[in-house]
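This report refers to the structure that appears directly beneath it.
Every number for a ligand or one of its atoms is a count from 1 in the order of the listing.
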Amino acid sequence: MSESKIPTPHIGAGEGEIAESILLPGDPLRAKYIADNFLTDAAQFNATRNMLGFTGFYKGKRVSVMGTGMGCPSIGIYSYELIHFYGCRNLIRVGTAGALRPDVKVRDLVFGMGACTTSNYVKQFRLPGDYSCICSFELLEKAVSAARERGLEYHVGNILSSDMFYNPDLPPAGTTWDRMGVLAVEMESAALYSNAAYGGANALCILTVSDSLVTGEATTAEERQTSFTDMMEVALELV
Ligand code: HPA
């Protein structure tokens with residue numbers, strides 16, 4: 001199962017300390033919050049670079065949670081080590097995104113069926129063409145039925161993994177991205193999906209819309225908490 005020696009340069013866990021299914025928020029303190037509030041018997045497995053990681057149980061099923069940091073290079077490192085060295089099979093990113101289309105409202109859920117990107121990350125697999133970064137259909141199906149059962153507002157489609165949060169001259173809303181159906185922008189999924197494909201693992205990105213690049217609206221702290229809980233209930237159904 002494992003390709004090399006553990007601990008890895010970026011994850012200090014020993015053999016068997018990380019579950020096959022792992023939730024991946026960007027913020028390591030979010031990982032701690034998830035472990036403290038949603039899991040039972042959680043034990044910390046990583047503190048290297050303060051990228052906190054925990055393994056515990058949800059409804060009797062073993063599950064891990066770890067921060068990824070921001071951007072394709074950061075999630076690229078962590079997801080590679082989780083898949084190739086720790087045997088993770090189901091990697092579920094739980095994050096936030098900016099809406100690119102008027103029908104995608106703040107607080108809605110977005111399931112990233114595909115991830116377009118401005119990053120060079122995927123090009124470095126050196127394929128003789130453009131790779132389509134897609135999620136696991138099995139995880140997506142389960143997530144969609146969990147959202148439907150709960151009556152949550154959700155969208156399924158393409159997202160954009162951007163390398164630039166503060167883009168000086170091309171905010172992606174109002175461009176060809178949204179014309180071509182891209183729902184929302186974030187910064188990590190293309191690296192996660194391509195790494196999962198390369199490593200034969202399953203990945204899905206679940207996002208709550210924290211702000212709209214169409215209207216300028218942003219969620220309040222209270223709204224962010226409620227939509228975060230909605231997203232977690234869906235994500236935990238997948239483990
Ligand atoms: N850009 C990139 N990532 C994001 C955004 C955004 O506007 N909002 C939330 N994550």
Side-chain angles (χ1 to χ4, degrees), residues 23-31 33-34 51 65-79 91-122 133-135 143 147 152-195 203-232 234-235:
L23 305 180
L24 301 169
D27 178 356
L29 292 179
R30 261 288 147 90
Y33 180 88
I34 291 167
M51 198 55 79
V65 56
M66 189 177 85
T68 64
M70 291 178 281
C72 285
S74 187
I75 197 170
I77 291 170
Y78 291 112
S79 58
L91 297 94
I92 301 147
R93 165 165 151 67
V94 283
T96 56
L100 296 182
R101 290 173 58 90
D103 53 319
V104 180
K105 312 284 186 206
V106 293
R107 289 202 46 192
D108 287 358
L109 283 177
V110 173
F111 302 122
M113 186 159 67
C116 310
T117 189
T118 61
S119 167
N120 266 324
Y121 191 92
V122 186
C133 295
I134 56 167
C135 72
L152 301 173
E153 289 296 327
Y154 68 90
H155 308 262
V156 181
N158 242 331
I159 54 176
L160 172 64
S161 298
S162 170
D163 254 0
M164 234 182 176
F165 188 91
Y166 297 106
N167 196 314
D169 57 15
L170 195 66
T175 68
T176 314
W177 291 115
D178 59 75
R179 178 177 177 145
M180 291 182 75
V182 178
L183 301 169
V185 56
E186 51 80 82
M187 304 187 75
E188 291 82 19
S189 297
L192 177 64
Y193 287 1
S194 57
N195 269 359
L204 177 66
C205 175
I206 307 179
L207 303 160
T208 61
V209 177
S210 57
D211 53 288
S212 170
L213 278 70
V214 181
T215 64
E217 194 189 352
T219 43
T220 63
E222 194 185 333
E223 284 172 334
R224 273 200 297 282
Q225 193 57 42
T226 315
S227 41
F228 175 74
T229 304
D230 291 344
M231 174 171 66
M232 285 310 304
V234 171

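Counting atoms of ligand 1 from 1 in the listed order, those under 4.0 Å from a heavy atom of Gly98 are 5 (C), 8 (N), 9 (C). Ligand 1 places these atoms under 4.0 Å from at least one heavy atom of Asp211: 7 (O), 8 (N), 9 (C). Below 4.0 Å from some heavy atom of Leu213 lie the following atoms of ligand 1, by number and element: 7 (O). Counting atoms of ligand 1 from 1 in the listed order, those under 4.0 Å from a heavy atom of Ser210 are 8 (N), 9 (C). The atoms of ligand 1 that sit less than 4.0 Å from any heavy atom of Met187 are 2 (C), 3 (N).
Closest protein heavy atom to atom 4 (C) of ligand 1: Val185 O, 3.6 Å. Of the protein's non-hydrogen atoms, the one nearest atom 2 (C) of ligand 1 is Phe165 CD1, 3.6 Å. Scanning the protein for heavy atoms near atom 10 (N) of ligand 1, the closest one is Thr96 O, 3.5 Å.
In the model, Ser162 has no side-chain atom that pairs as donor or acceptor with a side-chain atom of Glu186 under 3.5 Å. At a cut-off of 3.5 Å, with distance as the only test, a side-chain donor of Tyr121 or Asn195 sits close to an acceptor on the other residue.
Annotation: Glu223, atom CD; neighbour count of heavy atoms from other residues, nucleotides and ligands within 6.0 Å is above 12. Atom CD1 of Ile134 is surrounded by 12 or fewer heavy atoms from other residues, nucleotides or ligands within 6.0 Å. Within 6.0 Å of the CD atom in Glu222, the count of heavy atoms belonging to other residues, nucleotides or ligands does not exceed 12.
With a 4.0 Å cut-off on non-hydrogen atoms, Ala97 touches ligand 1 through its backbone and not its side chain.
Residue contacts with ligand 1: Ser162 is excluded, as none of its non-hydrogen atoms falls under 4.0 Å.
With salt bridges taken as basic N to acidic carboxylate O contacts below 4.0 Å, none links Glu153 and Lys105.
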Determine, stepwise, if the pair Arg30 / Phe228 fulfils side chain to side chain contact (heavy atoms under 4.5 Å, CB included). CA-CA 10 Å; Arg30 261 288 147 90; Phe228 175 74; 3.3 Å; yes
